[in-house]
Amino acid sequence: MDTGVPALDAVIVWGGAASVLAAVGAGVWRGIRGALRLHRRIDQFMDDWAGEEERPGVPARPGVMERVSGIEERLSRVEHELYPNSGGSLRDAVDLANHRLARLCPDADECGRTEPPDPPPTSP
């Protein structure tokens, strides 16, 4: 299509070209901005996963695997207390107290207990 005015035709063509270039530039900018955001989030995740060393003014942060290892150690110490073993666990102390109490009060009706306690589990 031609308007018949060469100057107006040139403005329309250049305006259309500028609009297309602006749209392409905006699309590229949005893509780059999204990629940069994704990169930042992945970088933060990797820092959290691997941990960070101490630097001036900022304490060190342990990584996920180090944290899981600490949780497993704490859990093993708790499990050690829950099951009978060499006599040093909380479960052994409770069993010993129950045994001594049974010797002090052999008649279950006098002590208020109607049935014997369940035996402790042998292994998890």
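Under the 4.5 angstrom side-chain criterion for Ile, Leu, Val, Met, Phe, Trp and Tyr, Ile71 has no cluster partners at all. Hydrophobic cluster of Leu8: the remaining members, joined at side-chain heavy-atom separations below 4.5 Å, are Val5, Ile12, listed by chain and number. Other residues sharing a hydrophobic cluster with Val58 under the 4.5 Å side-chain heavy-atom criterion for ILVMFWY residues do not exist; the residue is a singleton. Side-chain contacts under 4.5 Å among hydrophobic residues (ILVMFWY), followed directly or transitively, place Ile42 together with Leu38, Phe45, Met46, Trp49, Val64, Met65, Val68.
When the side-chain hydrogen bond (donor to acceptor under 3.5 Å, both in side chains) test is applied to Ser69, no partner is found at least two apart in sequence or on another chain. Shown here are the side chain to side chain contact (heavy atoms under 4.5 Å, CB included) partners of Glu66, two or more places apart in sequence or in another chain: Pro62.
Residue pairs meeting the salt bridge (charged side-chain N to carboxylate O under 4.0 Å, His left out) criterion with at least one member in residues 42-61, sequence neighbours excluded, are Asp48-Arg61, Glu52-Arg55, Glu52-Arg61. Annotation: side-chain hydrogen bond (donor to acceptor under 3.5 Å, both in side chains) contacts involving residues 15-24, sequence neighbours excluded, are absent. Counting only residues at least two apart or in different chains, salt bridge (charged side-chain N to carboxylate O under 4.0 Å, His left out) contacts with residues 20-40 are absent.
Cluster membership for Val24 and Ile32, using ILVMFWY side-chain heavy atoms within less than 4.5 angstrom, is shared.
Here the CG-CH2 distance, from Leu36 to Trp29, works out to 7.0 Å after rounding to the nearest 0.5 Å.
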Atom pairs and distances, donor-acceptor, side-chain atoms in residues 73-80, under 3.5 Å, two or more places apart:
| unit_1 | atom_1 | unit_2 | atom_2 | d |
| --- | --- | --- | --- | --- |
| Ser76 | OG | Glu73 | O | 2.7 |
| His80 | ND1 | Asn85 | ND2 | 3.1 |
| His80 | NE2 | Asn85 | ND2 | 3.2 |

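Between the Ser89 side chain and the Leu82 main chain, no donor and acceptor come within less than 3.5 Å of each other.
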